[in-house]
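Below, read A as the first sequence line, B as the second, and so on, with proteins coming before strands; counting in each chain starts at 1.
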4 protein chains.
Amino acid sequence: MTRKEADTGGRSRIQTEKRGLILDAALEVFSQYGLKGATLDMIAAAAGLSKPNVLYYFAGKEAIYTALLEGLLEVWLDPMRQIDPTGDPVGEILAYVRRKLDLSRDYPRESRLFANEVIQGAPLMLETLEGELRALVDDLAAVIRGWSEAGRIAPVDPRHLIFSVWALTQHYADFDVQVRAVLGSEDPYAGAARHLDEMFRRMLEPR
Amino acid sequence: MTRKEADTGGRSRIQTEKRGLILDAALEVFSQYGLKGATLDMIAAAAGLSKPNVLYYFAGKEAIYTALLEGLLEVWLDPMRQIDPTGDPVGEILAYVRRKLDLSRDYPRESRLFANEVIQGAPLMLETLEGELRALVDDLAAVIRGWSEAGRIAPVDPRHLIFSVWALTQHYADFDVQVRAVLGSEDPYAGAARHLDEMFRRMLEPR
Amino acid sequence: MTRKEADTGGRSRIQTEKRGLILDAALEVFSQYGLKGATLDMIAAAAGLSKPNVLYYFAGKEAIYTALLEGLLEVWLDPMRQIDPTGDPVGEILAYVRRKLDLSRDYPRESRLFANEVIQGAPLMLETLEGELRALVDDLAAVIRGWSEAGRIAPVDPRHLIFSVWALTQHYADFDVQVRAVLGSEDPYAGAARHLDEMFRRMLEPR
Amino acid sequence: MTRKEADTGGRSRIQTEKRGLILDAALEVFSQYGLKGATLDMIAAAAGLSKPNVLYYFAGKEAIYTALLEGLLEVWLDPMRQIDPTGDPVGEILAYVRRKLDLSRDYPRESRLFANEVIQGAPLMLETLEGELRALVDDLAAVIRGWSEAGRIAPVDPRHLIFSVWALTQHYADFDVQVRAVLGSEDPYAGAARHLDEMFRRMLEPR
DNA sequence: GATGAATGAGAATTCATTCAT
DNA sequence: AATGAATGAATTCTCATTCAT
């Protein structure tokens, strides 16, 4: 065993390239079939590599999956981190919604991978959810509560508001086939952007 | 083949009982591990039956899964069917939201099974989604549009409004672990009910 | 266990009837799929009985198969027994050929069952073949040799002559699909009867 | 799927070797037990390989069987193709009989595999029989008819004559155990060669 | 006699992973 | 770094047979 372990540092250029190739292929496959439904054969084929070669870069199927998840959460939480506590409350939240919706549109596979994992009980992410995620939400909730108490947005349960943002934006990625089945050929995201903007504005603007 | 096929009628009491037993066990297992992740062993164990005995009642793993999905959609769509086009618009929609949220609370496994299936592209339900579901949504959308045009609710894209109801209510079942990771020991559904009621009221009440 | 064993005697009318029913169904199935390829389900279905009911009349799948084979050999050897050593040699042999060919035409399933068994090494019939069959052939061979030495038929190896009769007649039952693939819609047996009559006549008539 | 499919070309030496090894083992097993009666375990054991390794070279049990059958027909029809329409009629046919008999002696397992398949209705070869085989027989039949009409052989139904050749020669391979049960320790093929030579000579020589 | 229900012993096949080069 | 070959450990499914009524 020469390398294999997920030591982030000390990788040659080709290492990094191939790992990226594999992760992208794995994302495609895992997000569609789930951890168990995906096979190394599929991933290797999608990456254009041989199966043993894939295993040269990752310790196993689960290791690929885990690496994928790890890289994911940061991207996923980033829009939340960009909220400016000193900005305009409604504007900040609307911008957050917008960023999350763009993420759904531009990275639907990532969204589905995440959804799959959480729906199945998040066996590999529970700690992160209870630690990092919860802390971040608590922080943001405090900010929102502040806005709310200052009368700058309508009174609202901050954490359920955050769930609402997540639910409403991720729905378009996760339930994509259903959305498209209902809408037909109409572009979901244009309508969604208008709708969500309008909805959250009404929800939040103090009367 | 002695029985096995899903001829709905003509089942003895014991047949019905055992099939129910198996379906319940399968729901537990499939909703947690997905179609591929679940094994007949798990299902048989959960049902307290031997593996071949499970296969005496269903033609195979997929047949159980399919039977489950088939029984599901009706339950899932029922709250939508109960909306009264002649009722009070805001009240009807709020009641709908409430019914859907109760469904998430009382049947989270069903919700997750459905979510899993749709996220993975709904290979077994695509037709139903494009047929029955779309038709139902179109009908309800017409009603909502009528309300909206009559000024009885705020202007809104009816189909995106429906997506919003689905997303916001199902989130509590599907992302249950995440919700609980964030909320800690607090009961999600009490807060969710208040929050959603308030949100949709603000969204919909004409100013 | 009330009955089951193949004690030939002491069977009620219904016993005999049902056994006959099962044997006929089994013949159909075994001759087409072989001992292993056939399943009790197929046999039970073909007989219009339930699987356990079939097993009430026979001890098991092999028992049915064995019973079938046992009943078979007698029918199969009968045409040989009818040869009259005091009759006209060529006429006797031609009549024998004719009887065997009729057997192929009228009982092709029996012929194929027998063929299947012998091709696979006759695990259940080897003793009978080495005993009863060989004895019978030896007897007939002696008769033919007598005819041959008396100049009443052309000189011939008697046992290979007997093989020839078997091969040429059974071919039409055993290789039925091939024969029909080659002949198209033409009736195989009419042509076969003429052809074999002519052939054996030429083979056997002393010049 | 890495390899498996029967793309005739592009096989490495080891591929070819192992495939040959497996096919030989499979021939042994299939010809004795039939398609259903044979198990991958038996084949793998006979080939000295592990079961999954066998499946590395062939897509499944049926694929092995099919590959075997495909390779078979050519060998089986070859003796017929060697008949020279411009040669001496009786000599050509006698030589054909001889070649077919040699084939039975040298490749009895192949003969039995073929017989098994045809007896069970040739589910996998019916098209070939109705296409290639029939065409070939039609051609040869025309040649024989020519000989017959020219008075160079006795009048005969050409296609039934061909059946006779097949039946008489293949019998020694297919019904081997029966032949040996009757003949005892005597070598079947020596006697068969003399007998068939003599028989066909008498059948065919014009008086 | 008859049959719905149940099961143990296979059997085929899949697949992550390892081996050898 | 790369890959053809190989395999052990599942996993689904089949089927003869038995159980219980």
Original post:
Any side chain to side chain donor-acceptor pair (under 3.5 Å) pairs touching residues 119-128 of chain B, not counting sequence neighbours?
Top reply: none

Spacing of [X] atom [atom1] relative to [N] atom [atom2], expressed in whole Å:
X	N	atom1	atom2	answer
D:Arg19	F:dG4	CZ	P	16 Å
B:Tyr33	F:dA10	OH	C1'	16 Å
B:Arg11	E:dA5	CZ	C1'	15 Å
C:Ile43	F:dC15	CD1	C1'	12 Å
B:Ile14	F:dC19	CD1	P	18 Å
A:Phe58	F:dA2	CZ	C1'	16 Å

Subject >> Note, D:Leu73 side chain near D:Met125 side chain (heavy atom, < 4.5 Å) >> reply: yes

[N], OP1 or OP2 - any side-chain N/O from [X] closer than 4.0 Å?
X	N	value
A:Tyr57	F:dA1	no
A:Asn53	F:dA1	no
B:Gln15	E:dG4	no
C:Lys18	E:dA2	yes
B:Ser12	E:dA5	yes

For nucleotides 9-13 of chain E, give me every protein contact, N/O to N/O, under 3.5 Å, one pair per line with atom names.
{"unit_1": "E:dA12", "atom_1": "OP1", "unit_2": "D:Leu40", "atom_2": "N", "d": "3.1"}
{"unit_1": "E:dA12", "atom_1": "OP1", "unit_2": "D:Lys61", "atom_2": "NZ", "d": "3.4"}
{"unit_1": "E:dA12", "atom_1": "OP2", "unit_2": "D:Leu40", "atom_2": "N", "d": "3.0"}
{"unit_1": "E:dT13", "atom_1": "OP2", "unit_2": "D:Lys61", "atom_2": "N", "d": "3.0"}

Who are the side chain to side chain donor-acceptor pair (under 3.5 Å) partners of [X], not counting sequence neighbours?
X	value
D:Glu28	D:Arg109
D:Ser111	D:Asp174
D:Glu62	none
A:Gln32	none

Original post:
Toward the 5' end of DNA chain F, which comes first, A:Gly48 or D:Leu49, by nearest nucleotide?
Top reply: A:Gly48

Original post:
What bend angle does the helix from E:dA2-F:dT21 to E:dT21-F:dA2 show across its length, from five-pair end axes and to the nearest 10 degrees?
Top reply: 20°

Original post:
Expressed in whole Å, how much space separates the P atoms belonging to E:dG1 and F:dT21?
Top reply: 22 Å

**OP:** State whether the side chain of C:Glu110 and the backbone N or O of C:Leu72 hold a donor-acceptor pair below 3.5 Å, judged by distance alone.
**Re:** no

Subject >> Residue A:Tyr56, side-chain atoms from C-beta onward, closest of F:dA1, E:dA6, E:dA2 >> reply: F:dA1

Original post:
Listed by chain and number, what are the ring-ring contact (aromatic ring centres under 6.0 Å, His included) partners of B:Tyr65, not counting sequence neighbours?
Top reply: B:Phe30

Let me check something: any side-chain donor-acceptor pairs from residues 33-54 of chain B under 3.5 Å, sequence neighbours excluded? List them with distances.
{"unit_1": "B:Thr39", "atom_1": "OG1", "unit_2": "B:Asp41", "atom_2": "N", "d": "3.4"}
{"unit_1": "B:Thr39", "atom_1": "OG1", "unit_2": "B:Met42", "atom_2": "N", "d": "3.1"}
{"unit_1": "B:Ser50", "atom_1": "OG", "unit_2": "B:Asn53", "atom_2": "N", "d": "3.2"}

